[in-house]
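For clarity, every value in this text was computed on a predicted model and none was experimentally measured.
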Amino acid sequence: QVQLAESGGGLVQAGGSLRLSCAASGRTLSGYAMGWFRQAPGKERELVAGIAWVSDATYYADSTKGRFTISRDHAKNTVYLQMDSLKPEDTAVYYCNAGVFASRFQSAFFSWGQGTQVTVSS
């Protein structure tokens, strides 16, 4: 049973940066493409970035392209999301999960973690 734990969120002013971490316990993330998602109040959960396992190819939603960077540390079994030039519309709870990179993570493989709150003030 994989347990995902997101951390690194907080309150930041517009234009600021945060680095989120996603740590997995219970099994290795090796072999899995990983994605970062977010859910704002009253909105559906959306994919913001993904990273493939084999090639480390990356995908970014149009709203985050050029500002967010997803990466992974295989040795630490951890996935990161560097968020720069943050905007108030980035405010949401951020989650990570595994899925199929080619289908843009339409189905998540594991149970969702608690997420980490990101709040961007204007």
### Message
To check you understand the geometry: which heavy-atom pair defines the closest contact between Ala33 and Phe101, and what is its length?
### Response
CB-CB, 3.9 Å
### Message
side chain to side chain contact (heavy atoms under 4.5 Å, CB included) for Ser17 and Gln82? Distances and angles first, verdict last.
### Response
CA-CA 7 Å; Ser17 298; Gln82 176 67 40; 3.9 Å; yes
### Task
Could you grab the distance from atom CZ of Arg67 to atom OG of Ser85, nearest 0.5 Å is fine?
7.0 Å
### Query
Mind checking who shares a hydrophobic cluster with Tyr60, ILVMFWY linked at side-chain heavy-atom distances under 4.5 Å?
Val2, Leu4, Val12, Leu18, Leu20, Leu29, Tyr32, Met34, Trp36, Val48, Ile51, Phe68, Ile70, Val79, Leu81, Met83, Leu86, Tyr94, Val100, Phe109, Phe110, Val118, Val120
### Summary
side-chain contact (heavy atoms from CB on, under 4.5 Å) test vs Arg38 passes for just one of Lys43, Arg45, Glu46, namely Glu46
### Query
Out of curiosity, Ser111 OG to Gln3 CD, how far, rounded to the nearest 0.5 Å?
9.0 Å
### Task
Check Ala14 against Ser122 and note the closest heavy-atom contact, atom names and distance.
CB-CA, 4.3 Å
### Message
Donor-acceptor check, side chain of Glu44 to backbone of Gln39, threshold 3.5 angstrom: yes or no?
### Response
no
### Task
Taking all heavy atoms of Thr78 and all of Lys76, pick out the closest pair and write down the distance.
OG1-O, 2.8 Å
### Message
I'd like to check Trp53 versus Ser30 (side-chain heavy atoms, cut-off strictly below 4.5 Å). Are they in contact?
### Response
yes
### Message
Testing the 3.5 Å rule here: is there a donor-acceptor pair between the side chains of Thr91 and Glu89?
### Response
no
### Task
Flag the pair Tyr80 / Arg72 as yes when at least one side-chain heavy-atom distance between them is below 4.5 Å, and no otherwise.
no
### Summary
The ring pair (Phe, Tyr, Trp, His ring centres under 6.0 Å) partners of Phe37 (sequence neighbours excluded) come to Trp112
### Message
I'd like to know if Lys87 pairs up with Asp90 as an ion pair, taking the criterion as any Lys NZ or Arg NE/NH1/NH2 lying under 4.0 Å from an Asp or Glu carboxylate oxygen.
### Response
no
### Side chain proximity check, Tyr95 to Asn97, heavy atoms < 4.5 angstrom
no
### Query
Roughly how far, to the nearest 0.5 Å, is CD of Glu6 from SG of Cys22?
5.5 Å
